[in-house]
Protein chains: 2
Amino acid sequence: MSDTPQGPRLLPLLDALPPERRDAARNRVALLQAAERLVDHCGVEAVTMDAVAAEAGVGKGTVFRRFESREGLMAALLNHSETEWQAAVMSGPPPLGPGADPWERLITFGHSRLETVLHHADLIRAAGRAGSRSYAAYSFSVMHVRYLLHDLGVTGDLPLLAVALLAPLEAPILDQQVRIEGFDVERIHRGWVDLARRIVGR
Amino acid sequence: MSDTPQGPRLLPLLDALPPERRDAARNRVALLQAAERLVDHCGVEAVTMDAVAAEAGVGKGTVFRRFESREGLMAALLNHSETEWQAAVMSGPPPLGPGADPWERLITFGHSRLETVLHHADLIRAAGRAGSRSYAAYSFSVMHVRYLLHDLGVTGDLPLLAVALLAPLEAPILDQQVRIEGFDVERIHRGWVDLARRIVGR
DNA sequence: CAGCAAAACGGACCGTGGTCCGTTTTGATT
DNA sequence: AATCAAAACGGACCACGGTCCGTTTTGCTG
């Protein structure tokens, strides 16, 4: 909710680009708050661009200028929770955060990601390409898993192996398995651990 | 292009539900042909419901009655090529079709799937949920891989392992890797073979 | 062939995402 | 304080997906 226009920047590193005008900043937070209010009041479906504009008391054009598109707005919304999660992974308590051994961290990571994705499934879907992919969550996760695999002494094309581990946790696949085929979440998690075991080579 | 209203039915098995009226059938093929013409003439983007209706010389309502939605129409379009591919896998020449040993079939399958998905990337994307998932391609692929894994003597939760093998070949992931991160297709394939090796345990 | 009910047709109509451009706000400069 | 250019604003406007309902076609039945 306090993102800068350029998205989450964990190390601010004094931006070179011109700052935001005050009205622009004011409207950004008004819009995000309005959108959030709409989301957990009427569901993601109800978050219509006109509705958000009205709820925030601004013109429709403003919404698009700030967030590019509906997907962009959804991505911004997603970013809020994603950033918290990211912080938990990078600097929270073990075994998700640093401190535990890499294998335990990996398993915990998988479980946590699974839950998070399922929890935000509809928001992720609404965010489309602007969401998990091309942005925060995705590249961060790849980086993190890649790092854990390295720590575990895995050899091979690490970026690709990381993606292989992450792909079955993507929203569309999970959606299909849980909502349509009715798989138990617990079973999916066990399956993922098995996959990790095979990839890591234990 | 010659799909029945219920989609591809490889064994016709004398449908119990009432047949299609002649005008309906005529319009279905007219619409599919019109859509196909538009696709490879102006690209998927240009396939607007109004445009298809106009091109086929029917009313817009008819398009929706036949295909439910734009995604449904795209899925129907996809189905054409998917069905051919499916046939090649099930009864074409080895090593993709039956005859080769399971490992070789699996590798060939991966390669073929990779190419196919990339080739139809935009159509798949336009088909959304109605496309690969919940339909022909997806469940067929899972089934096939599951079967090959079984043949290879792999033990464990086979449906889940099959999904793990298929997930990295899904369109959004491939799109990201190839179009955005600029990975070489050859590299992705090598990575997939490595993944298969680890899962199968060679 | 006439009559009829069911099914299909077609296009007017609506909501929503997205664009455009004339008007207003902001903040730097004198 | 007065001025001004850059940036932001807002809402009219457009295109496209999707629905609805009065009209037409189909193919049965007598």
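Order of the sequence lines fixes the chain letters, A, B, ..., with proteins taken first and strands second; residue numbering starts at 1 for each chain.
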- Message: Evaluate A:Trp85 against A:Phe109 for ring pair (Phe, Tyr, Trp, His ring centres under 6.0 Å), listing each step before the verdict.
- Response: CA-CA 10 Å; A:Trp85 177 76; A:Phe109 173 91; 5.6 Å; yes
- Take A:Asn27 and B:Val47, find for each the nucleotide of DNA chain D with the closest heavy atom, and name the residue whose nucleotide sits nearer the 5' end.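 First, find each residue's nearest nucleotide; the 5'-ward one identifies A:Asn27.
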- Task: Considering just the side-chain nitrogens and oxygens of B:Thr48, establish if one lies under 4.0 Å of OP1 or OP2 belonging to D:dG17.
- Result: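 Yes, B:Thr48 has a side-chain N/O under 4.0 Å of OP1/OP2 on D:dG17.
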Name every donor-acceptor pair, under 3.5 Å, that has one atom in a side chain of residues 44-67 of chain B and the other anywhere in the protein, sequence neighbours excluded.
| unit_1 | atom_1 | unit_2 | atom_2 | d |
| --- | --- | --- | --- | --- |
| B:Asp50 | OD1 | B:Lys60 | NZ | 3.4 |
| B:Glu55 | OE2 | B:Arg37 | NH1 | 2.5 |

- Query: Would you find a donor on one side and an acceptor on the other, under 3.5 Å apart, between the side chain of A:Ser112 and the backbone of A:Thr108?
  - Reply: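 Not confirmed, A:Ser112 side chain does not pair with A:Thr108 backbone.
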- Query: For A:Leu165, does its backbone N or O pair with a side-chain atom of A:Trp192 as donor and acceptor, under 3.5 Å?
  - Reply: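 Present.
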- Its contact letters, B for base, S for sugar-phosphate only and - for none at protein heavy atoms under 4.0 Å, make nucleotides 24-30 of chain C read -BBS---
- Measure from CD on B:Glu45 to P on D:dG17 and round the result to the nearest Å. 10 Å
Salt bridge check: are [X] and [Y] linked by an N-O gap of less than 4.0 Å?
X	Y	answer
B:Arg198	B:Asp194	yes
A:Arg190	B:Asp157	no
A:Arg105	A:Asp151	no

- For DNA chain C, the residues among residues 50-74 of chain B that have a non-hydrogen atom under 4.0 Å from it: B:Val58, B:Gly59, B:Lys60, B:Gly61, B:Thr62, B:Arg65, B:Arg66
- Query: Hey, is CD on B:Glu68 packed in by over 12 heavy atoms from elsewhere, all under 6.0 Å?
  - Reply: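 No, not enclosed.
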